[in-house]
Amino acid sequence: MIALGCDHGGYDLMQEVMAHLDQRGIEYKNFGTFTKESCDYPEYAKLVANAVVDGTCEKGILICGTGIGISIAANKVPGIRCALCHDCFSAKATREHNNANVLAMGGRVIGAGHALDIVDLFLDTPFSNDERHIRRIKGIEG
Ligand code: RB5
């Protein structure tokens, strides 16, 4: 189960992400926002982050206008490793190296075609389980 959240700046791209997940048969829980009306991204970041941390969802995808605000907010929740990715290399690397559990993107930054490739890499790439990466992730957690 994938947790989804966005603000008004990410709303349009999130519709594309949901259609893509439907097409791939991947289950998701959409935490909103549900309209294009202006809203506050921290609310949706926290809903998604909490669903990932409490195990309701295995990963999350967050979208705001830039991806920046919503990723900063998600990373305030202990246990969240939210990666802001606008390229395929980073999406793959953050799974392999950081075991990122939430992907953030900016709906005003990239087109849907590119974003969906990033989503696929994020969802399909396993963590490397390399000792050095495990050590570094533990280091993040303090
Ligand atoms: C909303 O206008 C915009 O500030 C928000 O979507 C995001 O880009 C914040 O980081």
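Keep in mind the model is a prediction, meaning the values are calculated, not measured. Every number for a ligand or one of its atoms is a count from 1 in the order of the listing.
The pair D40-K46 fails the salt-bridge criterion, with no side-chain N (NZ, NE, NH1 or NH2) lying under 4.0 Å from an Asp/Glu carboxylate O.
Every N/O-N/O distance between G9 and ligand 1 stays at or above 3.5 Å.
Under the 6.0 Å distance and 45° angle rule, K92 does not count as a cation-pi partner of F89.
In this structure, atom 8 (O) of ligand 1 lies nearest to the protein heavy atom T66 N, 2.9 Å. Atom 5 (C) of ligand 1 has D7 OD2, 3.2 Å as its closest protein atom, hydrogens excluded (heavy atom only). Here the heavy atom of the protein found nearest to atom 1 (C) of ligand 1 is H8 NE2, 3.5 Å. The nearest protein atom to atom 7 (C) of ligand 1, hydrogens excluded, is given as C64 SG, 3.3 Å; this is a heavy-atom distance. In this structure, the protein non-hydrogen atom closest to atom 3 (C) of ligand 1 is R108 NH1, 3.9 Å. Among protein heavy atoms, the minimum distance from atom 4 (O) of ligand 1 is reached at Y41 CE2, 4.6 Å.
Remark: side-chain polar atoms of R108 are not paired, donor with acceptor, to backbone N or O of T66 under 3.5 angstrom. Of the possible donor and acceptor atoms, none in the side chain of R136 sits under 3.5 Å from a partner among the backbone N and O of N98.
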Query raised in the report: Please walk me through it: do L4 and V48 pass side chain to side chain contact (heavy atoms under 4.5 Å, CB included)?
Result: CA-CA 6 Å; L4 304 180; V48 165; 5.6 Å; no

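For ligand 1 and G69, the ligand atoms under 4.0 Å from any heavy atom of the residue are 9 (C), 10 (O). Within the listing of ligand 1, atoms 5 (C), 6 (O), 7 (C), 8 (O) sit less than 4.0 angstrom from a heavy atom of G65.
Using modelled atom types and a 3.5 Å distance limit, the side chains of H97 and D130 yield no donor-acceptor pair.
Counting only heavy atoms, the protein gets under 4.0 Å from atom 10 (O) of ligand 1.
Nearest heavy atoms, C85 versus T94: SG-CG2, 4.0 Å.
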